[in-house]
Amino acid sequence: MRTIAVSIVTPDGPVYESEAELVVAKATSGELGVMAGHVPLVAPLAIGSVRVKTGNEQDVVAVTGGFLEVRPDKVTVLAQAAERAEDIDVDRALRAKKRAEERLNQKREANIDHKRAELSLKRAINRIQVAQLGKK
Ligand code: ATP
């Protein structure tokens, strides 16, 4: 089967490079599956996972939004932060989740803090879920 190159990059540098038969990412418009030869596109990503599949192998990477760029032979993800499932510190994500939940319970009137806490909660839950997926 033909493969497509996959690269996940953050401002701190590259996080993941591989060749894949299928890449599944969470675009803001819904789940997007990409194989070699896909039409070129750029799509904004939600906080979610990027799953990279080859044969029976699957790598999972947590991404905090960003963009997906598809060319026929390459998929590039540009994200503010990204972690491979095995690099996720689950205790840290659980602490971040607790902090965000506490903020959400306290500050209902302060809109900006509320939005920030919601995003922080989403990042934490995503990291916890991706770390779980990576163990399968
Ligand atoms: P925290 O409150 O724990 O810092 P956060 O959601 O605010 O979480 P980010 O701003 O998204 O963190 O990320 C900051 C940096 O820390 C990034 O390089 C990101 O990859 C890394 N990072 C954040 N949380 C984790 C985690 N649970 N495990 C591993 N790396 C993490």
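Remember, it's 1-based here, ligands and their atoms both numbered in the order they're listed. Hydrogens, waters and symmetry mates play no part in the numbers below; they use all other heavy atoms, side chains included.
- Closest heavy-atom approach to atom 3 (O) of ligand 1 among the candidates K97, R123, R92, R127: R92.
- For the residues R99, R95, E83, the heavy atom positioned nearest atom 1 (P) of ligand 1 is part of R99.
- What you find for A100 and A117 is that their closest heavy atoms are CB-O, 3.5 Å.
- In the vicinity of D87, heavy-atom distances shorter than 4.0 Å reach the ligand 1 atoms 29 (C).
- Salt-bridge check for K122 with E118: failed, with every basic side-chain N at 4.0 Å or more from each acidic carboxylate O.
- Looking only at protein heavy atoms, the nearest one to atom 18 (O) of ligand 1 is D12 OD2, 3.8 Å.
- Through direct or relayed side-chain contacts under 4.5 Å between Ile, Leu, Val, Met, Phe, Trp and Tyr, V39 connects to no other residue.
- If you check which protein heavy atom lies closest to atom 27 (N) of ligand 1, you get D89 O, 2.9 Å.
- Of all protein heavy atoms, the one lying nearest to atom 17 (C) of ligand 1 is A81 CB, 3.9 Å.
- Remark: D89 pairs with D91, R92 by the side-chain contact (heavy atoms from CB on, under 4.5 Å) rule, at least two apart or across chains.
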The test is side chain to side chain donor-acceptor pair (under 3.5 Å); show your working for Q80 and T64 and say whether it passes. CA-CA 6 Å; Q80 191 58 42; T64 62; over 6 Å; no
